[in-house]
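Report on one structure; see the data block that follows.
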Protein chains: 2
Amino acid sequence: MLGELAVERRGMDVSNEGASTLDQVVPVSRRTLHDELVGRIRDLIIEGHLAPESRIHEGQLGQALGVSRTPLREALKFLASEGLIELVPGRGAVVRRLTPRDVRDMLDVLAALETTAARLACQRASDAEIASLRRLHDEMMGYYAVRARLEYFKRNQAFHAGLATLSGNAFLAATHEGIQSRLRRIRFVGSDAPAKWAGAVAEHEEMVLALEARDAERLAAVIARHLEATWVRVQDVI
Amino acid sequence: MLGELAVERRGMDVSNEGASTLDQVVPVSRRTLHDELVGRIRDLIIEGHLAPESRIHEGQLGQALGVSRTPLREALKFLASEGLIELVPGRGAVVRRLTPRDVRDMLDVLAALETTAARLACQRASDAEIASLRRLHDEMMGYYAVRARLEYFKRNQAFHAGLATLSGNAFLAATHEGIQSRLRRIRFVGSDAPAKWAGAVAEHEEMVLALEARDAERLAAVIARHLEATWVRVQDVI
DNA sequence: CGCAAGAATGCTGTATGCAGGATGATAGGA
DNA sequence: TCCTATCATCCTGCATACAGCATTCTTGCG
């Protein structure tokens, strides 16, 4: 289960070479071991390689990732703050299981955030931004047409994240992203059945149309309906 | 600045002694060093003892708190995930400064959460729960009458947290609490002037009345107005 | 045969050690 | 005098070491 996980440490990554002005220079993002581990472990949990309720063995996981316990533990604390794992005194970290209640609650919060984002986006977003979201949607529809479920799903998530970003409220977008990532696994397995899938696609189409018309209330209503439907779709996989 | 901070380690704290059934036994909450440190450092930041933009010196702070660097660093990672500090590779932890933009964005998210909580609370909360929130409000008014600003402020925060709890959505309440704690310092210093203070009090009174009438829309509207006013009140202290 | 008490093992929680990079000081040159 | 380059110091990031508590296995007793 934990084979071939070793972390590859990357040095600094100088991008943005040909910038002519210094105003828009993005700081060199050097990937630290901490970030790398946080991302990696988060994926292990979301993708189900670390099962809910299971204890995380620091020694084993550390060895599998090729890292000592110290940075690993630090990454675990970080993830605990995100709510993905629980720290049990004396027994270490346990992967948190989402109860139906948790999922329902999180979807309600997600709805509150997305409808707020929707209203803001209808006011603030530029035509170009809306057009780029439309492109993302069309791309998604392309993957839907050929039933490429994973690729479709990624665009789907990106679409919702993009909508949050278009609100112009970075904090909202970040909060939204945090919740969405925690629900990712459940939503993925919940979109399994073709009928469910089709429903979600139709709702997305409506959302794009409402956004293009900058009809905030209609967009908010569709989003609320979409997330209500999501709840129905995921209910039997929790 | 960092004198007399030493952490006192507490052993297990057996509460809930006289429980007759085992159903409602709450797990013994033993305060771990980790939790203690997280709480302590969070307070140091919120109360302004660790200034924004300033680097956190692991050695110094660890010595001041009477703790080695390891648990301290773990606590810092945890707080970084909450967004209170920023981890700069090679330079350690830096206390994050909230820009006006950040505060504005956070207040908008807070508004989205509280209005949602308000609607849910109007449906779901019991009369007893509403009454207890009323008592909290009255208590707050008492402190207002005698101009006990700190005590008043604590009840104020508790009131908003209580409203979030009454939504019955634990995740919403937790998310709300996280944001509220990050805004605590700014809101406190922002409620300095008597005129501002009086305005906030009046809005609270309206909120309680709307909640008692279970008038969800009116309550949501008051909350939105309250947070808009908060923005005005805090604007010049950022 | 089942249960309980005790010992042994293993894991977590915390401290310490060490290497590499960042920061600051000092000296040399323009 | 100011700027720059080099060096010394300090701090962070990671690894390792050790103590104490959980868990599990075993053994003795009912």
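Heavy-atom basis, side chains included; hydrogens, waters and symmetry copies ignored.
- Here D/dC11 presents its C1' atom at 14 Å from CG of B/L61, a figure rounded to the nearest Å.
- D/dT12 atom C1' lies 13 Å from atom CG of A/L33, rounded to whole Å.
- As judged by a 4.0 angstrom heavy-atom cut-off over every strand, B/I56 is placed among residues touching the sugar-phosphate backbone only.
- The separation between A/E58 atom CD and D/dA22 atom P is 15 Å, rounded to whole Å.
- One interatomic measurement links the two molecules: CD of A/E36 to P of D/dG13, which rounds to 16 Å at whole-angstrom precision.
- Across all their heavy atoms, B/R182 and B/G83 have their closest contact at NH2-O, 3.3 Å.
- The NE2 atom of B/H34 sits 10 Å away from the P atom of C/dG13 (whole-angstrom rounding).
- With contacts defined as side-chain heavy-atom distances shorter than 4.5 Å, the pair B/L37/B/F78 does not qualify.
- Remark: B/S68 is in phosphate contact with C/dA15, judged by side-chain N or O atoms under 4.0 Å from OP1 or OP2.
- Between A/L166 and A/L120 there is no side-chain heavy-atom pair separated by less than 4.5 Å.
- The distance between atom CZ of B/R91 and atom C1' of D/dC10, rounded to the nearest whole Å, is 15 Å.
- Between A/L133 and A/H137 there is no side-chain heavy-atom pair separated by less than 4.5 Å.
- Ionic pairing of B/E47 and B/R185 is not present here: no N-O contact between side-chain nitrogen and carboxylate oxygen is shorter than 4.0 angstrom.
- OP1 or OP2 of C/dC11 sits under 4.0 Å from a side-chain N or O of A/H57.
- Looking at A/L33 and A/V67, their side chains come closer than 4.5 Å, going by heavy atoms from C-beta outward.
- Where B/R55 and A/R55 meet DNA chain C, the nucleotide closest to each residue was compared, and A/R55 sits on the side nearer the 5' end.
- In terms of phosphate contacts, B/R69 brings no side-chain nitrogen or oxygen within less than 4.0 Å of OP1 or OP2 of C/dA15.
- A sub-4.0 Å separation between OP1 or OP2 of D/dT12 and a side-chain N or O of B/R73 is absent.
- Relative to the side chain of B/T70, the nucleotides C/dT14, D/dT16, D/dT12 differ in distance, and C/dT14 lies closest.
- Distance check, rounded to the nearest 0.5 Å: CZ of B/F153 to OH of B/Y143 gives 15.5 Å.
- In this structure, CD of B/E74 is placed 14 Å from P of D/dA15, rounded to the nearest angstrom.
- As a whole-Å value, the separation of B/L72 CG from C/dT16 P is 14 Å.
- Contacts with DNA chain D (heavy atom under 4.0 Å) in residues 76-86 of chain A: none are found.
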